[in-house]
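Along the sequence shown, residues carry numbers from 1. The structure displayed is predicted, hence computed values, not measured ones.
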Amino acid sequence: MNRLAGIVLAALGLLVAIVSITGILPGLTSTGVLLILLGGLVIGLSFIDKPETDGAERMSTPSTLGNIFVSPTEVFRNLRRHPRWLVAVLIMSALSATYTNLFVERLGAERVANYTVDKSLEMSFVNDEMRKGIEATRASTIADAKNPVIRAGQAVSGFAMSVFGFTFLALVFMLFAMAMGGSLYFWQAFAAAVYAYFPYSVIRFVLNTLVLHLKDPAEIHPILGQQTLIQDNLNFLVLPADNPIFYTLLGAISLLAFYWLWLNATGLKNAGDKVSGSIAWTATIGIYLFIVILSVIAAAIFPSFIS
């Protein structure tokens, strides 16, 4: 983390927000705000020292990105003394933005946007006045889905949100390890969280992209399909419209999710100075259950979006 980089990001975010608010490039206000917050985060994290290298040789970034698929233990042990994350997060953000754009192009911006608006109108707590307001956004929602500037802004926002997310995970893992008597520096936890997610992200992108172009677009769910098209879980046993909560729970029983669980536990164990296997697995499973609970709550509040 570099304080100057944080200042530049915050200044850039302020400029983007001003340009959007004044109407020069509308629709980028949230992106500007996120960049300001990201800049503040980078400045704050720049005060956190990295662990001592102890003379350990640094594995190159290309080798790290490649070896994480075939020799993750070696990579995580190297990240213990040389934690890093930026290139991996940039690649994952680019893959996510690419898939989103491919998805919209494959299904059509009108269909995706109209489906989102229609499902918003179906929410149980929407009254007549709210319904009119949502309906009034239909044209702008379609236009935004077609706007390349806004889509680029969404990609930048996705990168910022990824950094926030990995920061949260790193703090949770670090504090959990300390509470359990282990020793895990913040940057070790951050690098482990990022590189544990990297193979999962790349594999999911490749499989989703293949399915997206092999499957009939008419059979693809305009909302759920943006998350994943891979049937590696048990949610095929129920219809989402019949029981959205049970559908979400079964979706958590996923082969790729189990792969991430193993990678993350391996990362925490080998990236930390003193993290046992039990600490690593307990922290990993705990955060996964937390994510599943949030997903179930979302399914209960917004069941129409997965029906």
Side-chain angles (χ1 to χ4, degrees), residues 20 25-34 93-162 164-165 204-205 208-209 211-213 215-231 233 235-236 238-249 251-252 291-292 294-307:
S20 178
L25 285 175
L28 296 178
T29 304
S30 60
T31 301
V33 172
L34 282 173
S93 299
L95 294 179
S96 177
T98 299
Y99 176 72
T100 299
N101 282 281
L102 289 173
F103 186 89
V104 172
E105 292 296 330
R106 179 73 168 156
L107 271 68
E110 292 87 353
R111 182 186 170 198
V112 174
N114 280 322
Y115 194 90
T116 303
V117 173
D118 291 341
K119 291 302 177 180
S120 299
L121 293 171
E122 292 178 10
M123 291 188 293
S124 58
F125 55 83
V126 174
N127 56 36
D128 291 339
E129 186 173 346
M130 294 171 63
R131 189 170 283 106
K132 291 179 182 178
I134 294 173
E135 185 61 47
T137 66
R138 188 181 296 274
S140 62
T141 302
I142 296 173
D144 289 347
K146 295 180 177 180
N147 191 324
V149 175
I150 291 180
R151 286 160 74 170
Q154 291 170 345
V156 174
S157 298
F159 169 76
M161 293 302 296
S162 294
F164 293 139
R204 205 168 87 147
F205 168 77
N208 274 325
T209 303
V211 176
L212 177 65
H213 289 89
K215 196 171 183 178
D216 185 350
E219 298 178 1
I220 297 176
H221 195 290
I223 295 178
L224 295 180
Q226 296 183 54
Q227 303 302 317
T228 184
L229 294 172
I230 309 166
Q231 192 58 67
N233 53 63
N235 62 14
F236 66 90
V238 298
L239 294 175
D242 294 340
N243 197 324
I245 293 178
F246 198 44
Y247 177 86
T248 302
L249 283 173
I291 295 171
V292 172
L294 290 181
S295 300
V296 169
I297 293 174
I301 298 175
F302 307 108
S304 62
F305 282 95
I306 63 175
S307 63

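- A299 and P244 get closest at one heavy-atom pair: CB-O, 3.9 Å.
- Residues satisfying the side chain to side chain contact (heavy atoms under 4.5 Å, CB included) test with D242, not counting sequence neighbours, are L239.
- Legend: residues meeting salt bridge (Lys or Arg N to Asp or Glu O under 4.0 Å) with K215, ordered by chain and number and at least two apart, are absent.
- Under the side-chain hydrogen bond (donor to acceptor under 3.5 Å, both in side chains) criterion, S120 pairs with no residue, sequence neighbours left out.
- Legend: residues meeting ring pair (Phe, Tyr, Trp, His ring centres under 6.0 Å) with F164, ordered by chain and number and at least two apart, are absent.
- The salt bridge (Lys or Arg N to Asp or Glu O under 4.0 Å) check on R151 picks up E105, with sequence neighbours excluded.
- The minimum heavy-atom distance between F103 and H221, with the atom names listed, is CZ-O, 3.5 Å.
- Rounded to the nearest 0.5 angstrom, R204 CZ and L229 CG are separated by 10.0 Å.
- For residues 131-140, every residue pair satisfying the salt bridge (charged side-chain N to carboxylate O under 4.0 Å, His left out) rule, not counting sequence neighbours, is listed here: D118-R138, D128-R131, E135-R138.
- Identified under the side chain to side chain donor-acceptor pair (under 3.5 Å) test for residues 141-150, with sequence neighbours left out: E110-K146.
- Atom OG of S96 is separated from atom CE of M161 by 12.0 Å, given to the nearest 0.5 angstrom.
- For the atom pair CG (L224) and CD1 (I220), the distance works out to 11.5 Å, reported to the nearest 0.5 Å.
- T29 contributes atom OG1, which lies 11.0 Å from atom CG of L34 (distance to the nearest 0.5 angstrom).
- Residue L249 holds its CG atom at 11.5 Å from CG of N233, rounded to the nearest 0.5 Å.
- Pairing each heavy atom of Y99 with each of G225, the nearest pair is OH-O, 2.7 Å.
- Take P222 and apply the side chain to side chain contact (heavy atoms under 4.5 Å, CB included) test, not counting sequence neighbours, and it matches L107, R111, Y115.
- Residues satisfying the side-chain hydrogen bond (donor to acceptor under 3.5 Å, both in side chains) criterion with T248, sequence neighbours excluded, are absent altogether.
- Residues meeting the side-chain hydrogen bond (donor to acceptor under 3.5 Å, both in side chains) test with T137, sequence neighbours left out: none.
- When the shell of 6.0 Å around CZ of F246 is examined, it contains 12 or fewer heavy atoms from other residues, nucleotides or ligands.
- Remark: S157 engages T31 in a side-chain hydrogen bond (donor to acceptor under 3.5 Å, both in side chains) (not counting sequence neighbours).
- A distance of 6.5 Å separates CG in L102 from CG in L212, rounded to the nearest 0.5 Å.
- Applying the salt bridge (Lys or Arg N to Asp or Glu O under 4.0 Å) criterion to R106, with sequence neighbours excluded, gives no partner residue.
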